[in-house]
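Ligands are counted one by one from 1 in listed order, and the atoms in each one are counted from 1 as well.
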Amino acid sequence: MEATTIVLFGATGDLAKRKIYPALYNLFVDGKLPEPFSVFGLGRREWSDAKLQENVEQSILTFSRRKPEDTDKLQAFLSAFRYSVLDVDREEDYKKLLDMVESREEELGIPQNRLFYLSVGPEYFKTIAYNIKSSGLGTTKGWKRLVIEKPFGHDLASARDLNEKLSAAFTEDEIFRIDHYLGKPVVQKMEMLQHANPVLQAFWTNRYIANVQITANETVGVEERAGYYDKSGAIRDMFQNHMLQLLMMLAIHLPSDSGPGDVRARKKEVVEALVPVQAGNIASQVVRGQYAEGSINGKPVAGYTSEPGIAADSRNDTFVAARLEIDNYFWRGVPIYIRTGKRLKEKSTRIVIEFKEPLKSAASKESGIAPNLLVFEMAPNESITLQLNTRDPGGSGEFKPMNVDLHTHRDNTAEAYENLIHDAFRGDATFFAHWDEVERSWQWVEPILNAFANNEVPLRLYEAGSYGPKESDELLAGDGFHWWFDD
Ligand code: BG6
């Protein structure tokens, strides 16, 4: 990997502390960082190099999956960090930064490969991209890349505007839009599993699949993010990005001779084939919920509108469930159910493919035979299992489900951010969201955003600690299904 300079906007922020520094450290220990690498941390606070290094060390001690054992190694890592005060609006600060970056590149004798990482609020994205270009920071003799965190826009129009502004400074190939769900190890295995197993691939169609269920339930509430979350809701915070990305990853079919660029091209086809929700029909396909007070793990918790910073009359969605269809050769007629919400009974992130009933005879129903399931679980545990039926080995003659384990989780494996940052260094954008996917996802959710804003979809209150509003169950019951694994 070629030597690289990371220019990190938001170096004093929470994401850098919790995710980015630990990920860089683990990559360093694994020998997966460019050699040499250098980091310029930027922020408004008057920090020194030493202060940044102290904070990076603290973040590793607190959040890294690996704790430093070798002090020399840790010091070598920390010594790559420099700090510079930067006001995102002030041109001179970028010029000063350019001088510093150039002299460091010279000092290390490395090419001008620059990875600009925007770990800041979305209100700063455009200004920073503009200034990177106008200051000359983006005019390099090596390569340049932009890694950008969510949210990518607030709706279709703002996403398009943002993309246009970024495109003035970076080409699409240079933009790496992070969706951390794409970095999750189980998600990264999805396409390979199908690709490498003709048996699974053969069954990955509407001929055999009864329905697909994608769940991302959380126990946490709004936490300290009232300002952001109350304007976003579950639909923008989770559904438009993470949930639709999971759907795309699951639904792609790759030809056997496919190359690295094909994953994204196929994902685009999937999202394009999503049947649009019809304006008058949204309330029958989409459930909008908000948590009321209740209890989680035996502990009483407040309702959403009593949370600090949330207005008592807020109608923001903290839960969304929807029924979708993909109108293409493979998926036509297969209902796809998606749900995500906060303050639910348990943290669980999973995709379940339910296969059609193997035997239709009354006898088979009586014997309690269960449908086959292929389950991708990302939380609370990581696993991929195929649930088959077998006869009880004890000899009772009853059918019992049997799980075939398709993914062995090893402790201490790379986390989402490590995978993604490593890919960004290598210039591999497979697991980053392409603009086409982002634009079409916004296009698909736009009628829902409007319907929520105009109160055309009833807001269902649900008790904290439940599985969400009962209308979410009814969405499946109407088709003769139920959410798997809710107890
Ligand atoms: C983030 C959302 O993108 O994803 C949060 O902004 C959410 O609201 C988080 O809690 C969930 O991520 P994970 O990896 O814990 O499922």
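- Listed by atom number, the atoms of ligand 1 under 4.0 Å from Tyr181 heavy atoms are 11 (C), 12 (O), 13 (P), 14 (O), 16 (O).
- Annotation for ligand 1: atoms under 4.0 Å from non-hydrogen atoms of Lys184 are 13 (P), 14 (O), 16 (O).
- Residue Asp237 has at least one nitrogen or oxygen atom sitting less than 3.5 Å from a nitrogen or oxygen atom of ligand 1, judged on distance alone.
- Residue contact check for ligand 1: Lys347 places a non-hydrogen atom closer than 4.0 Å to it.
- The contact set between ligand 1 and Lys150, taken as ligand atoms under 4.0 Å from a residue heavy atom, comprises 1 (C), 2 (C), 3 (O), 6 (O).
- Put simply, no part of Tyr229 is less than 4.0 Å from ligand 1, judged by heavy atoms.
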Problem set entry | Working for ring-ring contact (aromatic ring centres under 6.0 Å, His included), residues Phe37 and Phe425 | CA-CA 10 Å; Phe37 79 103; Phe425 281 131; 7.7 Å; no
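- Taking every heavy atom of both residues into account, Ala234 and Val320 meet most closely at CB-CG2, 3.9 Å.
- You'll find the ring centres of Tyr124 and Phe9 outside the 6.0 Å limit.
- Salt bridge status for Asp473 with Lys470: absent, with no side-chain N to carboxylate O gap under 4.0 Å.
- Of the candidates Arg225, Glu149, His242, it is Arg225 that places a heavy atom closest to atom 5 (C) of ligand 1.
- When side chains are defined from C-beta on, Leu146 counts as touching Leu166, because their heavy atoms get closer than 4.5 Å.
- Listed by number with element, the atoms of ligand 1 under 4.0 Å from a non-hydrogen atom of Lys342 are 5 (C), 7 (C), 8 (O), 10 (O).
- With ring centers used as reference points, Phe319 lies under 6.0 Å from Tyr462.
- At a heavy-atom distance under 4.0 Å, no atom of Met378 approaches ligand 1.
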